[in-house]
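This structure is in structure tokens; I'll ask about it shortly.
Sequential numbering from 1 along the given sequence is applied to the chain's residues.
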Amino acid sequence: MNDLVKLSKEYASLFNELKEKIRNTQIRVAMAVNQEVIRLYWDMGKQILEKQQQTQWGSKLIETLSHDLLSAFPETRGFSVRNIERMRQFAQFYPVLDFAAQAAPQLPWGHIILLIQKIKVFEECEWYAHQTIEHGWSRTTLETYIKRNLYQQVAIENKASNFLMRLPPPQSILAQDILKNPYNFDFLGLHDDALERDIEHGLTAHITKFLLELGKGFAFIGRQVPISLEEDYFIDMLFYHLKLRSYVIVEIKSTKFKPEHAGQLNFYLNLVDAQLKGPEDNASIGILLCKSRSKIVAEYALKGIEKPIGISEYELTKAIPEKLKGSLPSIEELEAELSKESET
């Protein structure tokens, strides 16, 4: 009986292991097949575009091709006039196809059709494609979010940065996603009038909590990191982001944002890119954390700045207003009240 039980457990383990391998293989095969289909459709679209530009064939080319391809491959779907026109639109929207750098080509054809029909801006299209891959959105879910204009709500609204303009997708999209506003530093126990050095020291002392607030992928390198150019300059806090594959400078200002803050951070980014960034690293990114900031002022300050910079606010534990202090019970009064309750 024990041998049967043992065999049963070993068989169950073997079965589950093989089942998982088969599923993973099926997924890889499906992805590989999808990639080849997308590559074929893009190649067809590109050739049609080129022929239409070189000749006077016009739309009749697509109609003729559809008829002849359906006759040659009667068992194959996808060669209707409408679908071949979509191939042409796809190649027009994506003049260069790069599965490694672009998100949309990694999606099923139905998703791609939806994107190129509904979205007119390349960066926005890639943002939706990246989110679809990240969260496993169905075509219906993707269409719902496009109708709700999620890109404007999440990727742009309340985030002052030039990431989408200065970084290529998908890096620009990921950088925009990791930027928060505001950052919550309640764990520091500091009041709203705290100085920059106190905030910086507190963040370093509570680096684990700070990393959790920043989000996944950040690795802490150091505080007051020296970098030289004729004289020494010191970066408040330096990180490396594993998914972005880039250095991230975090500068802290205990005042309202001023345009010159962006210029200083831009200068530091130039130095990091010149002295620390390796050939395998992407462009370094700057995050400026201020006590407060006007989104409009921040956007104008970033105009013309080439380095990718995001500007956000931080929140600290606010001090109790003086007027309120007098109305709150003291520790002694609380203890006396508790003693009375315990006696009764």
Side-chain angles (χ1 to χ4, degrees), residues 26-156 164-165 167-173:
Q26 288 175 330
I27 292 171
R28 288 198 301 271
V29 169
M31 290 177 65
V33 170
N34 179 71
Q35 191 173 100
E36 290 305 313
V37 169
I38 301 306
R39 192 188 304 278
L40 171 64
Y41 285 177
W42 182 84
D43 283 335
M44 290 177 63
K46 185 174 178 61
Q47 285 188 270
I48 292 169
L49 272 175
E50 291 173 350
K51 287 298 181 184
Q52 286 180 329
Q53 292 168 359
Q54 295 166 4
T55 66
Q56 302 297 319
W57 291 350
S59 60
K60 289 294 181 182
L61 171 62
I62 293 178
E63 293 177 12
T64 304
L65 273 174
S66 175
H67 178 272
D68 292 343
L69 287 171
L70 287 172
S71 298
F73 303 98
E75 74 287 351
T76 304
R77 300 174 59 188
F79 295 141
S80 66
V81 172
R82 179 181 295 181
N83 207 46
I84 294 177
E85 173 60 29
R86 289 166 175 167
M87 298 175 199
R88 190 190 68 81
Q89 293 173 359
F90 178 42
Q92 194 170 32
F93 202 87
Y94 280 82
V96 177
L97 190 68
D98 189 341
F99 285 97
Q102 297 164 348
Q106 301 175 44
L107 297 173
W109 181 236
H111 285 68
I112 295 174
I113 291 172
L114 178 64
L115 286 171
I116 62 178
Q117 288 182 335
K118 299 291 186 181
I119 309 297
K120 304 302 179 185
V121 180
F122 178 81
E123 289 77 14
E124 185 175 349
C125 178
E126 279 291 288
W127 186 87
Y128 278 111
H130 178 82
Q131 296 299 317
T132 300
I133 294 170
E134 184 78 16
H135 303 291
W137 291 346
S138 66
R139 185 178 175 182
T140 303
T141 302
L142 174 60
E143 186 172 14
T144 300
Y145 284 138
I146 291 175
K147 287 180 179 178
R148 292 179 184 175
N149 205 6
L150 188 66
Y151 176 76
Q152 292 296 330
Q153 295 179 32
V154 176
I156 301 298
L164 298 176
M165 298 295 293
L167 295 170
Q171 190 189 14
S172 58
I173 298 163

Smallest separation among heavy atoms of I119 and F93, with atom names
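Where I119 meets F93 most closely, the heavy atoms are O-CE1, 3.6 Å.
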
Classify the angle between the aromatic ring planes of W137 and Y145 as parallel (below 30°), tilted (30 to 60°) or perpendicular (above 60°).
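Ring orientation, 0 to 90° scale: tilted.
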
Derivation of the salt bridge (charged side-chain N to carboxylate O under 4.0 Å, His left out) call for R82 and E85:
CA-CA 5 Å; R82 179 181 295 181; E85 173 60 29; over 6 Å; no

A quick test of your reading: do over 12 heavy atoms of other residues, nucleotides or ligands sit less than 6.0 Å from CZ of F99?
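Atom CZ in F99 is crowded, with more than 12 foreign heavy atoms closer than 6.0 Å.
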
Kindly compute the distance separating CD (Q52) from NZ (K60), expressed to the nearest 0.5 Å.
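Q52 atom CD to K60 atom NZ measures 13.0 Å (nearest 0.5 Å).
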
So which atom in Q89 and which in I116 form the shortest heavy-atom distance, rounded to 0.1 Å?
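Taking every non-hydrogen atom into account, CB-CD1, 4.1 Å.
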
Once rounded to the nearest 0.5 Å, what's the spacing between atom CD1 of I62 and atom CG of L69?
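Answer for the CD1-CG pair, I62 versus L69, is 11.5 Å.
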
To the nearest 0.5 Å, how far apart are CG in L142 and NE2 in H111?
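Rounded to the nearest 0.5 Å, the CG-NE2 separation comes to 5.5 Å.
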
Can you measure from SG (C125) to OH (Y151) and round to the nearest 0.5 angstrom?
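Answer rounded to 0.5 Å: 11.0 Å.
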
Among residues at least two apart in sequence or on other chains, which ones pass side-chain hydrogen bond (donor to acceptor under 3.5 Å, both in side chains) with N83?
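Applying side-chain hydrogen bond (donor to acceptor under 3.5 Å, both in side chains) to N83 gives W109.
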
So, taking the atom named CG in L49 and the one named CE in M87, what distance separates them when rounded to the nearest 0.5 Å?
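The CG atom of L49 sits 12.5 Å away from the CE atom of M87.
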
Is E126 reaching over with its side chain to a backbone N or O of P168, donor-acceptor style, under 3.5 angstrom?
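No, E126 side chain to P168 backbone: no donor-acceptor pair under 3.5 Å.
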
For the residue pair L115 and A104, what are the closest heavy atoms and their distance?
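Closest pair (atom of L115, atom of A104, distance): CD1-CB, 4.4 Å.
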
Grab the two heavy atoms, one from T132 and one from Y128, that are nearest each other, plus how far apart they are.
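Distance-wise, the nearest heavy atoms are OG1-O, 2.8 Å.
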
For residues 31-46, tabulate all N or O donor-acceptor pairs below 3.5 Å that involve a side-chain atom, not counting sequence neighbours.
| unit_1 | atom_1 | unit_2 | atom_2 | d |
| --- | --- | --- | --- | --- |
| N34 | ND2 | L107 | O | 3.2 |
| W42 | NE1 | Y94 | O | 2.7 |

State the CZ-CD1 distance between R86 and I113, to the nearest 0.5 angstrom.
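That separation rounds to 4.0 Å.
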
